[in-house]
Amino acid sequence: MENQTNLLEQRRHKLAELKRLGYDPYPHKFDYTHTIGQIRTELEAFNHDELQEKKVTVRVCGRIMSLRPQGKAGFMDISDGEHRIQVYVRKDTVGPENFELFQLFDLGDIIGAEGPVFRTRTNELTVAVTKVHHLSKNLLPLPEKWHGLTDVETRFRQRYVDLIVNPDVRSVFVKRSKIIREIRNFLDDRGYLEVETPVLQTIAGGALARPFRTHHNALDIELYLRIALELYLKRLIVGGISRVYELSRIFRNEGVSTHHNPEFTMLEFYQAYSDYRDLMDLSQELITSLAEKITGSRQVKFQEHILNFDSWQRFSMKEAIFRFWPDSAPKPNEEDFLSVKKLRTLAASIHAHYELTDGPGKLLATLFETVAEDHLIQPTIIYDYPAEVSPLSKRKADDPTTVERFELYIAGMEIANAYSELNDPAEQKARFEEQLNARGRGDEEAHDMDADYVRALSYGMPPTAGEGIGIDRLTMVLTDSISIRDVILFPLLRPEQVE
RNA sequence: GGGCCGUUAGCUCAAUUGGCAGAGCAACUGACUCUUAAUCAGUAGGUUGAAGGUUCGAUUCCUUCACGGCUCACCA
């Protein structure tokens with residue numbers, strides 16, 4: 001701390017020195033003629049002699065990332081966050097007064113520089129400075145230049161520092177932005193309307209999860225932060241917006257892990273007159289085209305794997321259980337899936353955790369998650385889920401225990417969840433009542449009754465298919481990120497003590 | 001919430017069996033007008049995450065706490 005205090009004092013002293021010499025320590029603007037990136041794209045192709053001939057003079061600005069003074073001259077690398085360029089300051093070129101200003105510069109300061117662009121003896125594209133400007137002071141030192149900043153806690157708490165010194169971090173978030181833009185383009189091109197629905201809700205529905213609670217003072221009512229977008233979007237399908245989507249933040253009051261952040265970004269889209277089979281094809285098209293647009297290839301590196309988006313697999317949930325069942329446990333039969341007792345035995349045989357209140361559908365889903373999920377590295381669609389764990393999905397015509405639902409797995413993670421929407425208000429009401437019973441048995445994540453949603457369905461909702469895609473996890477897949485915190489700029493952490 | 005691991009200078013890391021807390025970079029002073037991990041000479045910088053305990057002596061052993069990582073549970 002002493003050291004940092006000393007350094008702060010030193011830097012504040014330099015700031016005072018700037019003032020004493022008549023400079024505004026925090027000037028209001030700097031008119032630049034080129035960004036560093038523009039200089040790179042426009043002039044990178046030219047050699048020393050060509051640059052001498054062209055005499056391109058620029059005004060650029062950025063943060064000093066490297067400072068190499070050399071007596072009566074000096075070099076700096078300045079960065080605009082994305083690109084870097086070297087600038088060369090000579091006392092006999094800028095004059096004694098401006099050189100005095102240069103000598104007050106510190107690593108991390110924001111500066112402006114003007115002058116012609118040339119190439120040094122070592123062929124480095126460089127601004128031969130005729131005048132430097134001080135634009136803002138760095139009072140706290142930047143992390144070391146070649147190990148950079150690796151302490152993850154500091155990286156997440158002070159993401160601004162992470163972004164300054166770790167260029168790869170920026171590129172993840174540039175890709176994230178591009179993913180979101182491409183998704184919007186994809187859906188807009190297909191006639192979907194983007195809408196915004198309430199974040200504050202009196203019933204947090206559309207998913208099985210625990211919500212955050214809050215309170216509205218003027219109305220004196222308890223409210224929840226939404227856990228899904230689903231029920232409002234389907235109300236809009238009833239209202240005749242037959243292709244609709246929302247891409248926004250949702251909130252779940254659950255644990256934090258490498259795959260979970262309490263607030264995360266969800267895309268949900270709904271398409272009338274379609275069923276889940278249509279969305280399988282659409283998802284495959286969307287995700288494959290995103291992979292290609294973001295990474296430049298349909299073969300995408302993820303950790304030690306190459307994800308091949310040219311070769312998608314599709315299994316029913318039961319097929320996946322058989323296929324990935326471990327050799328160490330006795331193989332199940334199709335009939336075993338009908339008996340709670342047999343299902344519990346199977347779960348125990350693979351050390352899966354279950355509750356005594358779990359019905360056959362929940363147990364089946366548990367078996368699937370335990371044996372199959374880790375194996376689903378390549379893009380895989382798992383379809384036909386138990387009705388018991390899918391209170392908003394439509395049953396299969398030939399099997400009332402199963403619903404028309406699928407999930408998309410990539411890199412062992414659940415990326416998307418989609419189904420043919422239940423649009424029979426009487427059955428929806430009955431499903432909500434089943435959920436209320438589960439809630440009565442202590443299941444805090446069971447769905448609450450949403451009477452207005454049932455009323456909306458009673459006006460008639462066309463056959464509809466809907467899907468949710470987790471944007472954070474999709475971004476992980478397409479940026480080779482192992483933790484969700486690497487794709488969220490400010491992931492939730494416990495508060496620190498800042499003086 | 002449980003288990004395991006971690007926290008030493010601004011950053012990245014050392015420190016033998018419990019025996020004087022160190023290095024590189026950053027910083028400061030000086031030299032240096034084509035350097036780019038600039039170089040050379042010198043200087044300074046520490047409540048070892050916090051609080052207790054054991055001990056002649058604790059970065060090191062013990063307890064509690066804080067924060068983080070991994071993992072399990074929960075979930076997407």
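Here is how names work: the chains are called A, B, and so on, in the same order as the sequence lines, proteins then strands, and each is numbered from 1. Not measured: the values here are computed from a predicted model.
Judged as a side chain to side chain donor-acceptor pair (under 3.5 Å), and not counting sequence neighbours, the contacts of Arg314(A) are Asp281(A), Gln284(A). Residues passing the side chain to side chain contact (heavy atoms under 4.5 Å, CB included) test with Glu196(A), sequence neighbours excluded: Glu246(A). For Arg20(A), the side chain to side chain donor-acceptor pair (under 3.5 Å) criterion is met by Glu17(A), not counting sequence neighbours. Scored by the side chain to side chain donor-acceptor pair (under 3.5 Å) test, Gln271(A) finds Tyr192(A), Ser274(A) as partners (sequence neighbours excluded). Judged as a ring pair (Phe, Tyr, Trp, His ring centres under 6.0 Å), and not counting sequence neighbours, His34(A) has no contacts. Among residues two or more places apart in sequence or in another chain, the side chain to side chain donor-acceptor pair (under 3.5 Å) test is passed with Glu369(A) by none.
Note on residues 470-485 of chain A: pairs passing side chain to side chain donor-acceptor pair (under 3.5 Å), not counting sequence neighbours, are Arg176(A)-Asp472(A), His260(A)-Arg473(A), Lys301(A)-Asp480(A), Gln303(A)-Asp480(A), Thr479(A)-Ser481(A). Residue pairs meeting the ring-ring contact (aromatic ring centres under 6.0 Å, His included) criterion with at least one member in residues 36-74 of chain A: none, sequence neighbours excluded. Listed by first and then second residue, the ring-ring contact (aromatic ring centres under 6.0 Å, His included) pairs involving residues 373-393 of chain A are Phe324(A)-His375(A) (not counting sequence neighbours).
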What pattern of brackets, bars and dots sums up RNA chain B from 5' to 3', given Watson-Crick or G-U wobble pairs under 3.5 Å, [ ] for crossing pairs and | for another strand?
(((((((..((((.....[..)))).(((((.......))))).....(((((..]....))))))))))))....
Within the sub-3.5 Å range, which N or O atoms of nucleotides 12-15 of chain B have a protein N or O partner, and how far apart are they?
| residue | atom | partner | partner atom | Å |
| --- | --- | --- | --- | --- |
| rU12(B) | OP1 | Thr150(A) | N | 3.2 |
| rU12(B) | OP1 | Thr150(A) | OG1 | 3.3 |
| rU12(B) | OP1 | Asp151(A) | N | 3.0 |
| rU12(B) | O4' | Glu144(A) | OE1 | 3.4 |

Any N/O pairs under 3.5 Å between the protein and nucleotides 48-50 of chain B? List them or say none.
none

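To the nearest whole angstrom, the two C1' atoms, one in rG6(B) and one in rU59(B), are 14 Å apart.
Remark: P of rA76(B) and CG of Asp472(A) are 14 Å apart, rounded to the nearest angstrom.
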